[in-house]
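What follows is a set of notes on a single structure, which appears directly below.
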Amino acid sequence: MSETWDVVVLGAGIVGAACARACSLRGLRTAVVESGAIGGGATAAGMGHIVVMDDSEPQLALTRYSQQLWMALSDRLPPQAEFESCGTLWVAADEEEMQEVRRKQRVYASLGVATEILDSRALREAEPHLRPEMAGALLVSSDAVLYPPCAAAWLLEEAIHFGAKLYAPRTVVSASAGHVRLDGGTELTAEHIVVACGADSVRLIPELPLRKRKGHLVITDRYPGLVRHQLVELGYLKSAHSLTTDSVAFNAQPRRTGQILIGSSRQYGAEHTAVDHAILKAMLARAQLYLPALGACSAIRVWTGFRAATPDKLPLIGPWPADETLFLATGHEGLGITTSLGTGRLVADALSGAATEIPLEPYLPVRGPIEHSSSTHPAAGGLHA
Amino acid sequence: MPDPARSITLTVNGTMVRVQPGTTVAAAILIAGGYTRTSVSGEPRAPLCGMGICFECRASIGGKLHQRSCQILCTQGMDVRTP
Amino acid sequence: MKKAFDVVVAGAGPAGIAAAVTAAAQHRRVALVDDNQRPGGQIWRSGASLPRPARVWLSRLEASAVEHLSGTRIFDHPAPGVLCAEWNETAMELHYEKLVFATGARELFLPFPGWTLPNVMGAGGLDAMVRGGLPVAGKRVVVAGTGPLLLAVAAHLAARGAKIVAICEQAPFARLAKFAAQMSRYPGKLLQGLAYRLAARHSRLYCGCWPISASGSTALESLTLRQGNRTWSVACDYLACGFHLVPNLELAELLGCRIQDGFVAVDDLQQTSVANVYCAGEPTGIGGVEMALVEGQIAGLAASGSAEAARKLIPQRRRMLGFVDALRRTCALNPELRRPAADTTLVCRCEDVPFGTLREHTSWRDAKLHTRCGMGPCQGRICGAAAEFLFGWGPDAVRPPIFPALVSSLAAESTNPNKSMEDA
């Protein structure tokens, strides 16, 4: 038995769900295949920070584009998606980091992103529980947070409303040359197969330049008002971060429930989902350094997840040269929640032959080297696990 | 038998309550005529399990939030708050 | 804070006390760790009106060299031989050569309309509250659920002056009669059961009966009971309702012990599948106090290197296995107990997630992710077991912390010295 589709999306994480929604909206006959829970992979492990990031120009373009799409959608999101426009505070510990605040402000201004520089006193007023000797912060008010699994489920519901069909829980046995074979013998024929399986995409295409980058997150009981904005440290400037070693950074997020989500950590080469105690300890020590009041908060859960990381920290969006029926939408590392909507639109535009609203070239699976801004940003994008 | 000479006095939401030594804070809250917490959708709740695992007995004790009152014994002058 | 012992015993109920006292008698350095302030576990809480074995073992504990770490909650197991615990908001590292865990059991609570009202409690729950100083003299109490605990609780509450309006046992009469007949092999248990029944003799025992709804404005005022096709209402002040016990397996799972048919698998010496780790009491099978005491002694001896002495007790334990089996069969839940939950009935009490919302999901993980069920501070201890009965969903893998712990305690955790990381 074979069913024919314009597009079959593999994976119903937030990226797959966004792709399915955008394709269905565009009138493409779309199917989605998911083997587990909707939004149950990296989507469930992530922080849900909708953030404009400026590691590189293409990253800035995609995060800004996506953040605007989220803003436009925010009124329609269901309450369980917990969308909150709390804004991001990029916290500067000292004068050196304040220079980074100013640099960041200029970059964001060039894209029309309004920001505000807070001095030490203004920061204390904005976040009374931060360590008082912080130098200041950059406030990006248009950033937001949401609860990713429910956001993904809603995007998928919309896709289904516009005619998409969901195959779940079904496992993909193979996907190539316009054919997708599922467990149980179902065969789907498609003009385009969108691979949106995060780090698991290598199961289908082993040659993909993807590595798992493990992250840890901790969530507390309810302490309403303790944290008001998504807080991210700029402290990576002085630390010896690299793309190869384990690292932690301070990242705290207020949930609508009053809970506080604490990150973040990054590890390569860790394949096991178990909590790594050394990393957890370092991550929480870092968090308490910035936000001493966290120490007395009760932590309810700790979890881990795997980001799909690429060498240049940009996602892979576009046809896979070895089999042009395969269209990639993976490798979003720690920014998949933010960039899901932008990715969905790029995919739908490209597959329907329309012009994309931002250039697709920087994200094509085969591409040249990328120029990064002065520093790398391990802190943001949450650890998103 | 209750022994007034050994009794402990604490306050629950500002009201004095007198209990015997060995009384849990959860029991004191119920003796004071209250309940322990308000649920996330606004229901009044009181202890269920009595052994510290259901977290229905959470109350603020001595200014600390989310304390499991069924596992804590009353002490002289303790300040207990419930929503 | 770091403390090292030859034997760490987790859980100060009968099994844990027996293990600790026995190991200390073998001249081992022993710690007995429990969340509660007082030893005895759920069954032997509070010094008043305790049965003789309780008094005997508690005084043995008192007289022993066991270091009793009360008010101490174990939340993690970062490496073999180490447990992390929290005491008085301070993180504590407990190092052990041998570990005996006797983490006991908790009641199974089944949702029905009104079960979240104040004064609807567990059977053991109300019992513990009364032992903790809640007066029930003159109060009207319905005791419901299943298992021998109901009679014990009714007897204790009656002795404290409560008026036991009804005892509702979900098991049919024939099954109880069969159970009672089997108890002739265990005269102690039979006598105890009769004594309990006698103590609460003025209350009526209904078999094949359970509450289907509770109502009241701000607290429980009345209950609707069902027995067969008959339903009726009773006015009452408290409901003490528990559907037997489920073992506390969080620590077992964190340690990586093999679980078989819902209980920790142990050999004749109470040794689990993990080296140097023993288990005693309810986590190996719901068997009651006598069984727990024997298992505790075996584990205490085995963990002290006295395997020969431990083996002498094995026949005693074997004789009781029949009781475990009989109890399990008697307390098997009637599938009809799934019916009282209405769409609006809350299943998850931490996050207020109703039955109707959960019904749309396909697994515990799926439900957790999309409804917040089990995401509150109880970590699914209450709703997880209920969802397992209602929907047949299996539990998730256990992750640390196995009990909510302060962020500062997690940050203070022991880490593997062989592993270093570059801190940011």
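From a predicted model like this one, the values you see are computed outputs, not experimental measurements. Residue numbering restarts at 1 for every chain, and letters A, B, ... go by the order of the sequence lines.
- A heavy-atom distance below 4.5 Å is found between the side chains of B:E43 and C:L346.
- Residues of residues 76-83 of chain B never come closer than 4.5 Å to chain C when only heavy atoms are counted.
- Test C:P354, C:P340, C:P111 against C:T345 for side-chain contact (heavy atoms from CB on, under 4.5 Å) and you get one pass: C:P111.
- Note on B:T24, B:I72, B:T36: by heavy-atom pairs under 4.5 Å with chain C, the leading option is B:T24.
- The greatest number of non-hydrogen atom pairs below 4.5 Å with chain C, out of B:A28, B:G50, B:C57, is found for B:G50.
- Of the residues considered (C:Q37, C:E89, C:E107), C:E89 shows the highest number of contacts with chain B, using heavy-atom pairs under 4.5 Å.
- In terms of heavy atoms, C:F112 sits closest to C:V120 at CZ-CG1, 4.3 Å.
- The candidate from B:C74, B:A26, B:S41 with the greatest count of non-hydrogen atom pairs under 4.5 Å with chain C is B:S41.
- Contact count against chain B (heavy-atom pairs under 4.5 Å) is highest for C:P118 among C:A128, C:P118, C:G133, C:G122.
- Interface remark: C:R381 contributes side-chain atoms only to the contact with chain B (heavy atom separation under 4.5 Å).
- Comparing B:L73, B:I31, B:V40, B:V25 by heavy-atom pairs within less than 4.5 Å of chain C, the highest count is held by B:V40.
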- [ ] Please step through side chain to side chain contact (heavy atoms under 4.5 Å, CB included) for the pair C:L134 and C:Y238, ending with a clear verdict.
- [x] CA-CA 12 Å; C:L134 179 70; C:Y238 290 98; 3.7 Å; yes

TODO: Run the numbers on B:S69 and B:I29 for side chain to side chain contact (heavy atoms under 4.5 Å, CB included), then give the verdict.
DONE: CA-CA 9 Å; B:S69 63; B:I29 292 169; 4.0 Å; yes

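- Heavy-atom contacts from other residues, nucleotides or ligands closer than 6.0 Å to CD1 of C:I402 number more than 12.
- Look at C:E351 and C:K368 and you find no salt bridge, because none of the NZ, NE, NH1 or NH2 atoms lies under 4.0 Å from a carboxylate O.
- Seen from the ring of B:F55, B:R68 counts as a face-on cation partner, given the 6.0 Å and 45° thresholds.
- Under the 3.5 Å distance criterion, the side-chain polar atoms of C:T72 are matched with a main-chain donor or acceptor of C:S70.
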